Number of protein chains: 2
Amino acid sequence: MRPEHIRVPALPPLPDPNHGDCRAVGSVLARVGDKWSVFVIMTLIDGPRRFNELKRTIGGISQRMLTLTLRGLERDGLVTRTVFPTIPPRVDYELTDLGRGLAAPVRSLGEWAFAHLPEIEGARTKFDGRNDG
Amino acid sequence: MRPEHIRVPALPPLPDPNHGDCRAVGSVLARVGDKWSVFVIMTLIDGPRRFNELKRTIGGISQRMLTLTLRGLERDGLVTRTVFPTIPPRVDYELTDLGRGLAAPVRSLGEWAFAHLPEIEGARTKFDGRNDG
DNA sequence: CTGTATCCGACGTGATACTG
DNA sequence: CAGTATCACGTCGGATACAG
């Protein structure tokens, strides 16, 4: 039997990624997948942090991106923003219950990624090397 | 006690998001977080699929982005690409063991997202409305 | 059928300067 | 300290045309 005769035998029913709900899930995944959200969430797990505390702890993030990331998380109800009208001003950011709930699966994903980093990086090197030589 | 006197009591040790490993984890999260990878992974859970099968099933993805997404997943060792040298050509994509392993935490995240969609969308509406009116 | 090549607009990200 | 405003740049993603 040649390759062209190998048929996938009538596909089983699919979870239909087109369904609106799956699209919406995508919007959540997009937030988690942006460059900084996960770092912020993980940093806030241990308790509330101030703006510059977050900036120093995360490191490498610009003021602008930290602001935008925090706004996004706040918009999604994952983080609260508390302003203390003092001089100098102080703003605390803290995970909501919703945010803490999200942190769990995110942590799972992170742990999986960490555990399988060697395999992934090995695969990348192998793949890239194949294209060069 | 006024707000400016409320002090976070000497921060507990942090998981240091600056550590190289955490950065590397970010690169995995970045893949999962891109626009299409999760859809492709979820579609491939039930078994191997051909290029246009994926395209039709996912829907809304361009030929270009499907190609790029699949190349990325292949590069990371999450998907295999099998070419059948027939006319017309046929290419099967299938999750590797590594890819199936990733699918589990991704599914957890997706289920969390699905379960909490109302809360998130509610928070978004509330946040956006506060800015308009 | 399964891609690659090209163009182009939209968006994400960073650097810098400025404000309350 | 905690932002906002602006600019500059690169990448992402879509549309279209072409190729094996």
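Everything numeric in this text was worked out from a predicted model, so none of it was measured. Letters go in sequence order (proteins before strands), and every chain restarts at 1.
The distance from atom CG of A/Leu68 to atom C1' of C/dG12 is 9 Å, rounded to the nearest whole Å. Distance A/Lys35 NZ to D/dG10 C1': 11 Å, rounded to the nearest Å. Between the CE atom of B/Met65 and the P atom of C/dA10 there is a distance of 17 Å, given to the nearest Å. Atom CZ in B/Arg31 sits roughly 14 Å away from atom C1' in D/dT11 (whole-Å rounding). In this structure, B/Leu66 atom CG and D/dC12 atom C1' are separated by 16 Å, rounded to whole Å. Between A/Phe39 atom CZ and C/dT13 atom C1' the separation is 15 Å, expressed in whole Å. For the pair B/Lys55 NZ and D/dG14 P, the computed distance is 10 Å after rounding to whole Å.
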All N/O contacts under 3.5 Å from nucleotides 1-7 of chain C to the protein, with atom names and distances to one decimal?
residue, atom, partner, partner atom, Å
C/dC1, OP1, B/Asn52, ND2, 3.2
C/dC1, O3', B/Arg50, NH2, 3.1
C/dT2, OP1, B/Arg50, NE, 3.1
C/dT2, OP1, B/Arg50, NH2, 3.3
C/dT2, OP2, B/Asn52, N, 2.9
C/dG3, OP1, B/Arg81, NE, 3.3
C/dG3, OP1, B/Arg81, NH2, 2.2
C/dG3, OP2, B/Tyr93, OH, 2.6
C/dG3, N7, B/Gln63, OE1, 3.3
C/dG3, N7, B/Gln63, NE2, 2.7
C/dG3, O6, B/Gln63, OE1, 3.3
C/dT4, OP1, B/Arg71, NH2, 3.4

Next item on the list: For the pair B/Leu70 and B/Arg81, evaluate side-chain contact (heavy atoms from CB on, under 4.5 Å) and give the outcome as yes or no after the intermediate values.
Entry: CA-CA 9 Å; B/Leu70 287 168; B/Arg81 178 172 181 270; over 6 Å; no

Margin query: Set out, in order, the CA-CA distance, both residues' side-chain angles and the distance that settles salt bridge (Lys or Arg N to Asp or Glu O under 4.0 Å) for B/Asp76 and A/Arg124, then state yes or no.
Written below: CA-CA 5 Å; B/Asp76 286 3; A/Arg124 285 178 182 171; 2.7 Å; yes

Check: Under the side-chain contact (heavy atoms from CB on, under 4.5 Å) criterion, do B/Thr82 and B/Glu94 qualify, and how do the steps go?
Finding: CA-CA 8 Å; B/Thr82 307; B/Glu94 184 171 15; 5.8 Å; no

Next item on the list: Begin from the C-alpha positions of A/Leu66 and A/Trp36 and carry the test side-chain contact (heavy atoms from CB on, under 4.5 Å) through to its verdict.
Entry: CA-CA 8 Å; A/Leu66 181 54; A/Trp36 299 109; over 6 Å; no

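Each end of the helix from C/dC1-D/dG20 to C/dG20-D/dC1 gets its own rotation axis from five pairs of C1' atoms, and the angle between them is 40° to the nearest 10 degrees.
Counting only distance, with no hydrogens or angles, the side chain of B/Thr96 and the backbone of B/Gly77 share a donor-acceptor pair below 3.5 Å. Between the side chain of B/Arg100 and the backbone N or O of B/Leu95 there is at least one donor-acceptor pair closer than 3.5 Å. The backbone N or O of B/Arg31 sits less than 3.5 Å from a side-chain atom of B/Ser37, completing a donor-acceptor pair.
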